[in-house]
There are 2 protein chains.
Amino acid sequence: MASVDRTLVADLPMFAGLAPEQVDRMLQEAQSVRYPKGTNVFQQDGEAHSFFILLHGHLRVFKLTPDGQQVVVRFVSPGEVFGVAMAIGRTTYPATATAVVDSIALVWPSAAWPRLVATHPALAVNTLQTVGSRLQDAHTRVVEMSTEQVERRIAHAVLRLVRQSGRKVEAGVEIDFPITRQDIAEMTGATLHTVSRVLSAWESQGLVEGGRQRIVIRQPHKLFLLAEGLPD
Amino acid sequence: MASVDRTLVADLPMFAGLAPEQVDRMLQEAQSVRYPKGTNVFQQDGEAHSFFILLHGHLRVFKLTPDGQQVVVRFVSPGEVFGVAMAIGRTTYPATATAVVDSIALVWPSAAWPRLVATHPALAVNTLQTVGSRLQDAHTRVVEMSTEQVERRIAHAVLRLVRQSGRKVEAGVEIDFPITRQDIAEMTGATLHTVSRVLSAWESQGLVEGGRQRIVIRQPHKLFLLAEGLPD
DNA sequence: CCGTCTGTTTGCCGTGGCGCAACCAAGTGC
DNA sequence: GCACTTGGTTGCGCCACGGCAAACAGACGG
């Protein structure tokens with residue numbers, strides 16, 4: 001097992017309040033695992049054997065409904081903790097996580113969680129903050145889905161992706177992993193068709209420019225105004 | 001300050017893993033406060049000075065959008081922890097909590113939280129589980145809003161209310177606090193009018209019976225089938 | 001007991017966005 | 001280089017809901 005350099009991860013919010021030696025000791029218990037593009041890191045309803053920190057790549061976390069529809073819960077970026085099912089009192093994963101590009105994650109056995117939090121109480125506190133902010137995100141999403149129409153929901157979703165994974169390019173800001181219109185649809189409760197129409201409209205206004213699994217935001221501020229429903 | 005009998009609250013999930021004396025000591029730091037019907041326990045964007053356990057009554061927690069629309073986040077029932085903004089790393093409350101009936105809550109100053117979790121690590125673990133299950137609820141709601149049409153969403157909302165606060169009466173199961181069609185609308189992302197129409201339709205099928213701020217479910221199983229989209 | 005207020009019901013109409021279908025374009029594998 | 005697959009675009013018709021409007025009924029205060 002290749003040991004992971006502490007300096008890569010010691011600054012993550014997950015490890016706040018832990019002494020460097022403590023972080024080292026935790027890292028020694030973790031494995032670093034590769035997940036090639038398209039593979040599942042864990043599966044909905046599968047036994048929650050592990051929890052993770054993403055080191056490299058991007059994951060798509062989604063729920064599958066009984067009738068086969070997918071709903072994207074979130075995208076995971078490097079540095080984020082995920083798969084903490086055990087910590088929140090579950091024995092199975094509530095969703096599936098798939099690598100959208102080749103990815104690498106640190107993996108701990110869930111069984112180690114109780115001992116780890118007992119030894120490092122800060123872990124529970126840090127995880128509580130992480131889960132708490134996800135709860136707020138989820139509530140924000142509920143509010144948006146309750147009160148906004150599709151175009152604004154899509155705008156909000158795109159802006160969130162920009163904040164989380166925006167990369168500056170010549171033309172503006174690009175979302176730095178492959179994402180389809182279908183993905184955006186599954187994030188916003190819209191259909192592929194509607195998302196496509198909206199993005200096309202934005203493109204013709206010079207707001208964004210698109211491509212296959214690619215979105216570049218040319219005028220983030222304009223998009224923000226649109227998301228907030230303000231006149232521009 | 002009236003001291004609260006430990007036996008009333010010691011079994012709550014929040015205090016799991018704490019010794020009786022520890023619970024006693026925590027209770028000594030809490031105040032028991034009355035909130036008459038219609039008053040706010042805390043306000044959205046207000047400073048998160050306290051966290052709470054509801055002893056008696058029912059609260060309606062909602063978010064207000066910039067344009068004045070309300071979205072109900074949840075209803076709080078006796079025994080539940082709420083207002084844990086500080087624990088999840090916020091300095092202000094993300095929503096408003098209003099007493100829908102005369103209510104009583106235990107109140108701790110948020111400032112005491114860091115010391116309390118340091119002394120009783122189990123608190124962080126228990127809160128993590130609570131927040132975690134709320135996160136799952138929120139995700140369930142997102143999935144429902146993304147994939148189901150109104151009638152099924154309303155059915156799911158009503159069934160959740162039944163599970164949380166159902167009281168057996170002669171005619172069936174009644175939701176044991178006053179709730180309006182508008183409330184249901186704000187829980188499901190529908191309008192008052194649509195909710196009213198749906199409930200009327202159910203009533204004419206003998207599924208439920210309604211009244212002013214009152215819903216009695218006469219055939220919970222039928223409603224469940226409807227919620228799951230199964231033929232009956 | 002009456003006026004008022006708040007919650008509810010119901011009809012009618014308009015429409016946002018979904019479903020379907022056809023077509024197109026860019027990768028990808030052989 | 002060509003077939004095939006995957007993702008994207010766009011037109012058309014429809015319908016589930018929302019918006020508006022009007023009327024109603026139980027609760028509450030004076």
Side-chain angles (χ1 to χ4, degrees), chain A residues 36-38 60 65 67-72 98 100-101 144-155 157-158 175 177-205 207-216 226 229, chain B residues 36-38 60 65 67-72 98 100-102 144-155 157-158 175 177-205 208-216 226 229:
Chain A
K37 173 178 177 172
R60 176 177 178 276
T65 65
D67 57 313
Q69 296 185 72
Q70 298 189 1
V71 176
V72 170
T98 307
V100 292
V101 293
E144 285 174 9
M145 297 196 61
S146 297
T147 63
E148 295 174 0
Q149 355 206 89
V150 254
E151 186 176 28
R152 289 181 55 189
R153 296 209 303 270
I154 295 172
V158 170
I175 293 165
F177 57 86
I179 185 166
T180 67
R181 323 277 143 160
Q182 180 71 37
D183 287 329
I184 309 249
E186 289 169 4
M187 296 176 71
T188 54
T191 58
L192 157 64
H193 311 279
T194 301
V195 172
S196 181
R197 278 182 254 267
V198 167
L199 289 185
S200 293
W202 289 352
E203 185 147 20
S204 71
Q205 297 165 38
L207 245 170
V208 303
E209 79 186 46
R212 192 188 179 76
Q213 304 195 104
R214 199 172 132 272
I215 303 176
V216 181
L226 201 162
Chain B
K37 172 175 176 173
R60 177 178 179 276
T65 64
D67 57 312
Q69 295 186 74
Q70 299 189 1
V71 176
V72 171
T98 307
V100 293
V101 294
D102 290 350
E144 285 174 8
M145 298 195 62
S146 296
T147 62
E148 295 175 359
Q149 3 202 80
V150 254
E151 186 176 27
R152 288 181 56 190
R153 296 209 303 269
I154 295 173
V158 170
I175 293 164
F177 58 86
I179 186 168
T180 67
R181 322 278 143 161
Q182 180 71 37
D183 288 328
I184 310 245
E186 289 169 4
M187 297 176 71
T188 53
T191 59
L192 159 64
H193 310 279
T194 301
V195 171
S196 181
R197 278 182 255 264
V198 168
L199 288 185
S200 293
W202 288 352
E203 185 147 20
S204 71
Q205 296 165 39
V208 304
E209 78 187 45
R212 192 190 179 75
Q213 303 196 99
R214 199 173 133 273
I215 303 177
V216 181
L226 201 161

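The structure displayed is predicted, hence computed values, not measured ones.
For the pair B:Asp67 CG and D:dG19 P, the computed distance is 11 Å after rounding to whole Å. Regarding B:Trp202, its CH2 atom lies at a distance of 15 Å from the P atom of C:dT8, rounded to whole Å. Distance B:Gln213 CD to D:dA25 P: 18 Å, rounded to the nearest Å. Put simply, CD on A:Gln149 is 11 Å from P on C:dC18, counting in whole angstrom units. Rounded to whole Å, the distance from CD on B:Gln182 to P on D:dG19 is 11 Å. As a whole-Å value, the separation of B:Leu192 CG from D:dA23 P is 18 Å. Spacing between atom CD of B:Glu203 and atom C1' of C:dG7 amounts to 15 Å, rounded to whole angstrom units. The interatomic distance linking B:Ile184 (CD1) with C:dT9 (P) rounds to 11 Å, in whole Å.
Taking the screw axis at each terminus of the helix from C:dC1-D:dG30 to C:dC30-D:dG1 from five consecutive base pairs, the angle between the two is 50° to within rounding of 10 degrees.
A 4.5 Å side-chain heavy-atom check between B:Val208 and B:Val216 finds every atom pair outside the cut-off. For the pair A:Ile215 and A:Leu199, the minimum side-chain heavy-atom distance is below 4.5 Å.
For D:dG18, one of the phosphate oxygens OP1 or OP2 lies less than 4.0 angstrom from a side-chain nitrogen or oxygen of B:Thr194. Taking only side-chain nitrogens and oxygens, A:Arg181 comes nearer than 4.0 Å to OP1 or OP2 of D:dT9.
A:Trp202 and A:Glu151 form a side-chain donor-acceptor contact under 3.5 Å, judged by distance and modelled atom types alone. Side-chain polar atoms of A:Arg181 and A:Gln213 form no donor-acceptor pair below 3.5 angstrom.
Side-chain N or O atoms of B:Asp102 include none that pairs as donor or acceptor with a backbone N or O of B:Pro36 at under 3.5 Å. Side-chain atoms of B:Ser196 do not come within 3.5 Å of backbone N or O of B:Leu192 as any donor-acceptor pair. Within the 3.5 Å criterion, the main-chain N or O of B:Thr98 finds no donor-acceptor partner in the side chain of B:Arg60.
A donor N or O paired with an acceptor N or O is not found under 3.5 Å between the base of C:dG16 and the side-chain atoms of A:Arg152. One can find a donor-acceptor pair under 3.5 Å joining the base of C:dT10 and the side-chain atoms of B:His193. Below the 3.5 angstrom threshold, one finds a donor paired with an acceptor across the side chain of A:Arg197 and the base of C:dG19.
Counting only heavy atoms from C-beta on, B:Ser200 has its side chain closest to C:dT9 among C:dG7, D:dT10, C:dT9.
In this structure, A:Leu199 and A:Arg212 both approach DNA chain D, and ranking their closest nucleotides by distance from the 5' end singles out A:Arg212.
Within the 4.0 angstrom heavy-atom criterion, base atoms lie near A:Ser196.
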